[in-house]
Amino acid sequence: MKVRMDHYQANPSVYQAMSQMERQVTESGLDRVLYELIKIRASQINGCAYCLDMHTKKMRELGESEQRIALVSVWRESPCYTDQERAVLELTEAVTRIADAGVPQEVYDRVRSFFSEKETMDLILAINVINCWNRIAISTGMFPGCRD
C-alpha cells in the first residue's frame, strides 16, 4: 500500500487548522474515554482503518478492556457501556450519518439528560473533528502503520 500524499507536508495550514479544532476539544474538559469512543465509532462507520487503529491503541493506553474496545460497533447489544456512553455513541452515529435522518430529537434529549448545552456542543465538535480527520485520512490513502 502507498499513501497518495502526505497531507502534513502538502498543506501545513490545513493540518494547523485541524490541530486547532482538536485542541479545542481536548481542552474542553471532555472525558478522554468518551472522546476515544467517539473516534472509534465514527471511524468504524466511515471505514477509516488508519484512525480506527490509532484510537483503539489509545483506548488500550487508557486502560480500557479489550471487550469494551472490540464491542463499540455493537454497543446497543453490549452491557459494558454506561447510559451516558450509549447516549454519546448514539449521537456519534446520528451526526456521522446526518444525511440519513438528521439528529432525531430523542437522541438530542438523551444526550442533554447527561450533558449541559456547552458540553453537548463539545460533543458535537468532537464528532465533527474525527469525521474531518477520517475524510482526510481516507482521501489521502492513509493506512495503519503508514506514519510509523
Side-chain angles (χ1 to χ4, degrees), residues 1-104 107-108 110-111 114-115 119-148:
M1 298 182 87
K2 186 176 179 195
V3 176
R4 291 178 180 150
M5 79 169 80
D6 182 341
H7 66 277
Y8 301 99
Q9 299 255 335
N11 192 334
S13 64
V14 169
Y15 179 73
Q16 291 168 356
M18 287 300 302
S19 293
Q20 179 57 41
M21 288 174 44
E22 185 73 35
R23 271 191 302 282
Q24 177 69 32
V25 175
T26 59
E27 294 173 2
S28 72
L30 179 63
D31 178 80
R32 191 73 194 149
V33 170
L34 278 180
Y35 193 24
E36 293 303 324
L37 286 172
I38 288 168
K39 290 176 176 185
I40 290 169
R41 188 64 191 121
S43 297
Q44 289 171 334
I45 292 166
N46 291 323
C48 185
Y50 178 82
C51 292
L52 190 54
D53 180 62
M54 177 192 305
H55 298 296
T56 55
K57 287 176 183 172
K58 285 192 179 178
M59 283 287 276
R60 286 181 191 90
E61 291 170 10
L62 292 171
E64 289 298 316
S65 71
E66 287 300 316
Q67 181 184 43
R68 281 177 45 88
I69 296 166
L71 297 177
V72 173
S73 66
V74 290
W75 62 268
R76 285 180 177 83
E77 295 82 31
S78 305
C80 59
Y81 303 102
T82 67
D83 289 342
Q84 182 185 60
E85 290 169 336
R86 291 172 179 282
V88 169
L89 289 164
E90 189 174 26
L91 180 65
T92 300
E93 290 180 357
V95 173
T96 299
R97 296 178 170 142
I98 202 153
D100 294 347
V103 176
V107 172
Y108 175 81
R110 211 166 354 269
V111 168
F114 296 102
F115 299 96
E119 292 166 329
T120 300
M121 281 307 306
D122 292 337
L123 290 168
I124 292 168
L125 179 60
I127 296 163
N128 278 283
V129 170
I130 188 58
N131 274 281
C132 287
W133 282 124
N134 287 165
R135 282 153 176 76
I136 289 170
I138 293 167
S139 298
T140 61
M142 295 177 76
F143 55 89
C146 71
R147 295 197 54 86
D148 296 340

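Residue numbers start at 1 and run along the sequence shown.
- Listed by chain and number, the residues in a salt bridge (Lys or Arg N to Asp or Glu O under 4.0 Å) with Arg60 are Glu66 (sequence neighbours excluded).
- Within the structure, salt bridge (charged side-chain N to carboxylate O under 4.0 Å, His left out) pairs that include any residue of residues 130-141 do not occur (at least two apart or interchain).
- The structure places OH of Tyr35 at 10.5 Å from OG1 of Thr92, a figure rounded to the nearest 0.5 Å.
- When atom types are taken as modelled, the side chain of Ser78 and the backbone of Cys80 share no donor-acceptor pair closer than 3.5 angstrom.
- Within the structure, salt bridge (charged side-chain N to carboxylate O under 4.0 Å, His left out) contacts touching residues 4-18 (residues at least two apart or in different chains) are Asp6-Arg147.
- Contact check for Leu30 versus Glu119: no side-chain heavy atoms found under the 4.5 Å cut-off.
- Arg68 is linked by a salt bridge (Lys or Arg N to Asp or Glu O under 4.0 Å) to Glu64, Glu85, counting only residues two or more places apart in sequence or in another chain.
- Formation of a donor-acceptor pair under 3.5 Å by the Tyr81 side chain with backbone atoms of Leu89 is not found in this model.
- Closest heavy-atom contact between Val3 and Thr140: CG1-O, 3.3 Å.
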- Given Phe143 and Lys2, is the side-chain contact (heavy atoms from CB on, under 4.5 Å) satisfied, shown in steps? CA-CA 8 Å; Phe143 55 89; Lys2 186 176 179 195; 5.7 Å; no

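- Remark: Cys51 SG to Lys58 NZ distance equals 9.5 Å, nearest 0.5 Å.
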Report all side-chain donor-acceptor pairs from residues 37-48 shorter than 3.5 Å, counting only partners two or more places apart or in another chain.
unit_1: Lys39; atom_1: NZ; unit_2: Glu22; atom_2: OE2; d: 3.0
unit_1: Arg41; atom_1: NE; unit_2: Glu93; atom_2: OE2; d: 2.8
unit_1: Arg41; atom_1: NH1; unit_2: Gln44; atom_2: OE1; d: 3.0
unit_1: Arg41; atom_1: NH2; unit_2: Glu93; atom_2: OE2; d: 3.2
unit_1: Ser43; atom_1: OG; unit_2: Lys39; atom_2: O; d: 2.7
unit_1: Ser43; atom_1: OG; unit_2: Asn134; atom_2: ND2; d: 3.0
unit_1: Gln44; atom_1: OE1; unit_2: Ser73; atom_2: N; d: 3.4
unit_1: Asn46; atom_1: ND2; unit_2: Ala42; atom_2: O; d: 3.1
unit_1: Asn46; atom_1: ND2; unit_2: Asn131; atom_2: OD1; d: 2.8
unit_1: Asn46; atom_1: ND2; unit_2: Asn134; atom_2: OD1; d: 2.8

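- Contact annotation: the side chain of Ile98 approaches that of Val103 to within less than 4.5 Å [non-hydrogen atoms, C-beta and beyond].
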- Starting from the C-alpha separation in whole Å, work towards a yes-or-no answer on side-chain contact (heavy atoms from CB on, under 4.5 Å) for Val111 and Val88. CA-CA 7 Å; Val111 168; Val88 169; 5.7 Å; no

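- One distance of note links NE2 of His55 with CD of Glu61; it measures 11.0 Å at 0.5 Å rounding.
- In this structure, Tyr108 and Thr120 have side chains that are in contact, with non-hydrogen atoms separated by less than 4.5 Å.
- Remark: the backbone N or O of Ile136 is not paired with any side-chain donor or acceptor of Ser139 at under 3.5 angstrom.
- Shortest non-hydrogen contact noted between Ala49 and Pro144 is O-CG, 3.5 Å.
- We find the CG-CZ distance between Leu91 and Phe115 to be 9.0 Å, quoted to the nearest 0.5 Å.
- Put simply, the side chain of Asn128 gets close to the backbone of Ile124: a donor and an acceptor are under 3.5 Å apart.
- Of the inter-residue distances, the one linking Asn11 atom CG with Met5 atom CE reads 9.5 Å to the nearest 0.5 angstrom.
- With sequence neighbours excluded, the residues satisfying ring pair (Phe, Tyr, Trp, His ring centres under 6.0 Å) with Tyr8 are Tyr15.
- Here the CE-CZ distance, from Met59 to Arg32, works out to 10.5 Å after rounding to the nearest 0.5 Å.
- In plain terms, the two heavy atoms of Gln9 and Pro12 that are nearest each other are O-CD, 3.7 Å.
- At a threshold of 4.5 Å between non-hydrogen side-chain atoms, the residues Cys132 and Val129 do not count as touching.
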